[in-house]
2 protein chains.
Amino acid sequence: MAETANGVVSGGFSAKPATLRDVAALAGVSVATVSKALNGREHVRAETRVKVQQAAEKLNFLPNVLAQGLLSGRTGTVGLLTSDLVGRFSLPVMMGAEDAFGAGSTSVFLCDARGDGIREQHHLHALLSRRVDGLIIVGDTTNPRESLGQHLPVPVVYAYAPSLDERDMSVVSDNVGAGRQAVEHMVRSGRSRIAYIAGDKEFLAARDRAEGAVQALHQFGLPLMGDEVMYGAWTESWGRSSVRALIDKCPDIDAVICGSDQIARGVLDALRESGRTVPDEVAVMGHDNWELLATQARPPLSTIDMNLELVGRKAAQLLFAAIEGTAEPGIHSISTRLLARDSTARG
Amino acid sequence: MAETANGVVSGGFSAKPATLRDVAALAGVSVATVSKALNGREHVRAETRVKVQQAAEKLNFLPNVLAQGLLSGRTGTVGLLTSDLVGRFSLPVMMGAEDAFGAGSTSVFLCDARGDGIREQHHLHALLSRRVDGLIIVGDTTNPRESLGQHLPVPVVYAYAPSLDERDMSVVSDNVGAGRQAVEHMVRSGRSRIAYIAGDKEFLAARDRAEGAVQALHQFGLPLMGDEVMYGAWTESWGRSSVRALIDKCPDIDAVICGSDQIARGVLDALRESGRTVPDEVAVMGHDNWELLATQARPPLSTIDMNLELVGRKAAQLLFAAIEGTAEPGIHSISTRLLARDSTARG
DNA sequence: AAACGTTCCGAAAAGCTTTTCCTAGACTAG
DNA sequence: CTAGTCTAGGAAAAGCTTTTCGGAACGTTT
């Protein structure tokens, strides 16, 4: 690659970045003085400082953070290891974490293991080789996962999916509380004949949300219509078929709480097609606040937001504290937030 | 933080990672020998090599990639700068890139600028300080964006949203081709009275897709029903309202191509409610292959997949090549892929 | 026995920054 | 004028790895 007179190589980008030495040479001082001048240390004449700053400016000097890290033992990087990058749940968690770090001087390595243990080990290896200061492990479901172990050289926080090992730090969304919130909202809206259509029973999230709802119904002294939680799949078609069965069995329901917005969309469609009006005759709630689905429903869908950005943010904070030396092991639960839209308006 | 006998600090994670020196000391050789032994260099006796490997194993030694980078001038990292992390379009692109790199020994820094220029500069700064080998800039819409400029010390690839500067490398999805694909598919399915309902006209993607469709109709000598492309919003409600207007005006249409899956969902709902059967009387196509929306539609929605993972993968490949010294400037277009489901089955 | 080759290993430098310590010069005070 | 006090700036080491080069030990050949 030929080098031109101004130091630009032909690949279309400039030559290698300037170092302290280059700045020192240009300013006619030593590297030590440059370092002190640029970092605001004392023992530098104001005049010299200006001269150095101008030289640095001219060369587009940026300190090499890697070299700094070599010295300080801190790299200012963390690893974000997700098992499912496409998942629409892991993403907001990552966003929250990225955001919390991005404000400071920490950068985030992104790795997607695709739910593959081998790949996870590979990435873990790569991250540790890069001397990350800490790790956040983001799950794709709320099902607890194996711990990476206690032998790692850096602190680890598990987000969304908690670790099975209680010595680890985990941050999760409060699904049980969400179920309670849903029932309380229905009752406040004047409903008393409430059914629950859940997602896939294999998922802890499905069971937790339903359990919270059942607890709250019990507290209010209300029955669960249909007598039991209806588990199925996280799909619209499950919502449609299950609610048809439900109104056959209990024609007098006045509220349906769903384990997800997708299920709720199916429920809304099936109710409309069977001639029931929402919310006048039946109120419907979803879960997830999947905006494009919930706001475009007819009527717009009341739902529960898991505050996943907060989960991510909290994970980042815990990790940061642990890096500083004060770890807080255990499962940290983030409250959900109920969003009332038209589908649960007072009938 | 108190250190225990086995070298574990009380923060819950092990002490600082082992270095070459530690391994050398344990194996009773010099650091140079350890380096050669572990990297498969010659001039090491087999016996010594084994001894070193065992020592390294015992100490959980991982080479410090930062120190390696300091020497080689290559860090094995790239920056992924997105303007919208939540966007469901930028995400698959990132995934493809992460995947392409992840296979090798390159790690990805993730930064989200939130569409904010200041934040973008901040992140750019941070990434360059970390001496990334290259940058991928992922847009949130297909609208072209300002170039970061030609003065950066590393190569840059723009993905999804191309750079306005043709000296840059860009990778985009072929939206015009997608419009053509849609029409060709409709014609092959025996349709000839085709309308087009587009998204928001502010978006180049909306205009490109429509333009491709119009071109193809022209080639087939077919009319565009409704006489013009109907621009609106990327929402279900726009799909519902626009298709109602359309069938008022042209009751004899037999196909509707939509600018997105959301619009198509609205179209499907409105058609069903107005008594038209899909696909028997009218065929409907979407765009994006937003799986959870398309597969759960009634009937399942034919659509076009933008192959965004491929966009990301291609961006990674271009970047890698540029790092190696062979840049290929210009806009690289990735073909879309048509997915035929029931909504366009032969009538 | 002397000269020469191999083979294996270690010392040292390079890469970039920060920090500590030291020196040279300027100044003040006696 | 001498001794002492500051101050600005420089030299060097540390942090970790890789690579080059030189040296030691051993064996072979004349």
Side-chain angles (χ1 to χ4, degrees), chain A residues 15-53 55-56 59-77 105 125-126 128-133 153-154, chain B residues 15-53 55-56 59-77 105 126 128-133 153:
Chain A
K16 62 185 329 190
T19 71
L20 270 191
R21 267 235 300 275
D22 302 328
V23 180
L26 182 60
V29 297
S30 74
V31 290
T33 304
V34 176
S35 175
K36 282 183 275 199
L38 295 180
N39 292 316
R41 291 282 173 291
E42 50 189 357
H43 298 305
V44 180
R45 229 186 327 160
E47 192 185 320
T48 311
R49 196 182 296 275
V50 171
K51 197 170 56 179
V52 169
Q53 282 165 341
L59 295 176
N60 270 323
F61 172 77
L62 285 178
N64 185 330
V65 179
L66 277 64
Q68 290 175 336
L70 198 53
L71 226 15
S72 67
R74 283 276 180 85
T75 58
T77 59
S105 52
H125 205 272
L128 293 177
S129 293
R130 295 212 139 77
R131 296 296 188 265
V132 291
D133 294 331
V154 293
Chain B
K16 63 185 326 191
T19 72
L20 271 190
R21 270 236 297 277
D22 302 328
V23 179
L26 182 60
V29 297
S30 74
V31 290
T33 303
V34 175
S35 175
K36 282 181 277 196
L38 295 179
N39 292 315
R41 290 282 172 291
E42 50 189 357
H43 298 305
V44 179
R45 228 189 327 166
E47 191 185 321
T48 311
R49 194 183 298 274
V50 171
K51 196 170 56 181
V52 170
Q53 282 165 342
L59 295 176
N60 270 323
F61 171 77
L62 284 177
N64 185 329
V65 178
L66 278 65
Q68 291 175 336
L70 197 53
L71 225 16
S72 67
R74 283 277 181 82
T75 57
T77 59
S105 52
L128 292 177
S129 292
R130 296 214 136 80
R131 296 295 188 267
V132 291
D133 294 330

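Lettering follows sequence order; numbering is per chain, from 1. Not measured: the values here are computed from a predicted model.
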Side-chain N or O of [X] versus OP1/OP2 of [N]: is the shortest distance under 4.0 Å?
X       : N      : value
A:Ser35 : C:dT18 : yes
A:Ser72 : D:dG15 : no
B:Asn39 : D:dT18 : yes
B:Thr48 : C:dC9  : yes

Worksheet entry | Any N/O donor-acceptor pair, A:Lys16 side-chain to C:dG15 base, under 3.5 Å | no

[X] side chain, from C-beta outward: closest of [options]:
X       : options                : answer
B:Gln68 : D:dT17, D:dT19, C:dT17 : D:dT17
B:Ala32 : C:dC9, D:dA8, C:dA11   : C:dA11
A:Thr33 : D:dG10, C:dT17, C:dC9  : D:dG10

In whole Å, I'd like the distance from the [atom1] atom of [X] to the [atom2] atom of [N].
X        : N      : atom1 : atom2 : result
A:Arg131 : D:dG15 : CZ    : C1'   : 12 Å
A:Leu71  : D:dC16 : CG    : C1'   : 11 Å
B:Glu42  : D:dT20 : CD    : P     : 11 Å
B:Arg45  : D:dA24 : CZ    : C1'   : 13 Å
B:His43  : D:dA25 : NE2   : P     : 19 Å
B:Arg21  : D:dT18 : CZ    : P     : 15 Å
B:Leu62  : D:dC16 : CG    : P     : 14 Å
A:Leu66  : D:dT17 : CG    : C1'   : 13 Å

Tell me, do [X] and [Y] make a side-chain contact under 4.5 Å, heavy atoms counted?
X        : Y        : answer
B:Pro153 : B:Leu128 : yes
A:Val154 : A:Arg131 : no
A:Arg41  : A:Ser35  : no
A:Leu70  : B:Asn64  : yes

Item to complete: Specify the residue among B:Arg41 and B:Leu70 whose closest nucleotide of DNA chain D lies further upstream toward the 5′ end.
Response: B:Leu70

Worksheet entry | Residue whose closest nucleotide on DNA chain D lies nearer the 5' end, B:Val65 versus B:Lys36 | B:Val65

Discussion item. Quick check: on DNA chain C, is the nucleotide nearest B:Ser30 upstream (toward 5') of the one nearest B:Ala67, or the reverse? Name the residue that is more 5'.
Written reply: B:Ser30

Discussion item. To the nearest 0.5 Å, what is the distance between CZ on A:Arg130 and CG on A:Leu66?
Written reply: 9.0 Å

Practice prompt. Pick base, sugar-phosphate or nothing for A:Thr19, based on heavy-atom distances below 4.0 Å to the nucleic acid.
Written response: sugar-phosphate

